[in-house]
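Notes for the one structure printed next.
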Amino acid sequence: MNALQEYFDQNGVTRYQVAKQTGIANTTLANAVKETKPLSGQTVKVITAVAQALGKTPGQVLDDLIELDEYNSK
């Protein structure tokens with residue numbers, strides 16, 4: 001599973017909710033959660049939108065995603 005999609009699931013938020021709250025295109029988020037999209041390919045725009053929707057800083061979201069990605073790589 002894509003780390004970003006797993007992060008959405010863990011935080012109880014959907015792509016639609018993030019798009020609606022932040023104005024980022026749902027298609028942008030759909031591309032970001034594709035199974036083939038590595039964490040290193042995520043954009044600042046996506047990370048910032050997720051952070052805004054969850055009330056976190058982009059740094060917190062990125063740290064969480066890196067930790068999740070490393071855990072899944074084991």
Side-chain angles (χ1 to χ4, degrees):
M1 177 182 286
N2 175 288
L4 185 59
Q5 182 60 57
E6 189 171 349
Y7 192 68
F8 283 165
D9 294 346
Q10 286 181 356
N11 285 278
V13 68
T14 65
R15 288 191 331 250
Y16 177 77
Q17 289 170 321
V18 173
K20 191 82 168 161
Q21 289 178 16
T22 64
I24 192 170
N26 194 36
T27 54
T28 300
L29 292 173
N31 288 330
V33 298
K34 285 185 178 175
E35 188 64 35
T36 57
K37 181 83 168 193
L39 180 58
S40 61
Q42 297 300 343
T43 64
V44 172
K45 181 178 182 176
V46 169
I47 299 295
T48 302
V50 172
Q52 182 182 347
L54 296 175
K56 298 183 177 190
T57 67
Q60 287 172 318
V61 170
L62 190 54
D63 286 345
D64 291 346
L65 285 169
I66 290 169
E67 185 178 317
L68 187 59
D69 194 51
E70 287 174 352
Y71 178 79
N72 289 338
S73 296
K74 292 181 181 178

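Since the structure is predicted, the reported quantities are computational estimates derived from the model, not experimental observations.
- The shortest distance between side-chain heavy atoms of Gln42 and Leu65 does not fall below 4.5 Å.
- Taking both residues in full, the closest heavy atoms of Pro58 and Ile47 are given as O-CG2, 3.7 Å, listed atom of the first, atom of the second, then distance.
- Among all heavy-atom pairs drawn from Arg15 and Leu29, the shortest one is O-CD1, 3.3 Å.
- Scanning all heavy atoms of the two residues, the minimum distance from Asp69 to Leu39 falls at CB-CD2, 3.7 Å.
- Separating the CD atom in Gln17 from the CG atom in Asn26 is a distance of 11.0 Å, to the nearest 0.5 Å.
- Side-chain contact between Val13 and Tyr7: absent, with no pair of heavy atoms (C-beta onward) separated by less than 4.5 Å.
- When all heavy atoms of Ile24 and Ala19 are compared, the pair lying nearest together is O-CB, 3.2 Å.
- For Thr57, the side-chain contact (heavy atoms from CB on, under 4.5 Å) test picks out Gln60, with sequence neighbours left out.
- Met1 and Val18 are members of different hydrophobic clusters when ILVMFWY side chains are connected at heavy-atom separations under 4.5 Å.
- Residues satisfying the side-chain hydrogen bond (donor to acceptor under 3.5 Å, both in side chains) criterion with Lys37, sequence neighbours excluded, are absent altogether.
- Between Gln10 and Asp64, the closest side-chain pair of non-hydrogen atoms is not below 4.5 Å.
- Within the model, atoms CD1 of Ile66 and OG of Ser40 stand 10.5 Å from one another, a figure rounded to the nearest 0.5 Å.
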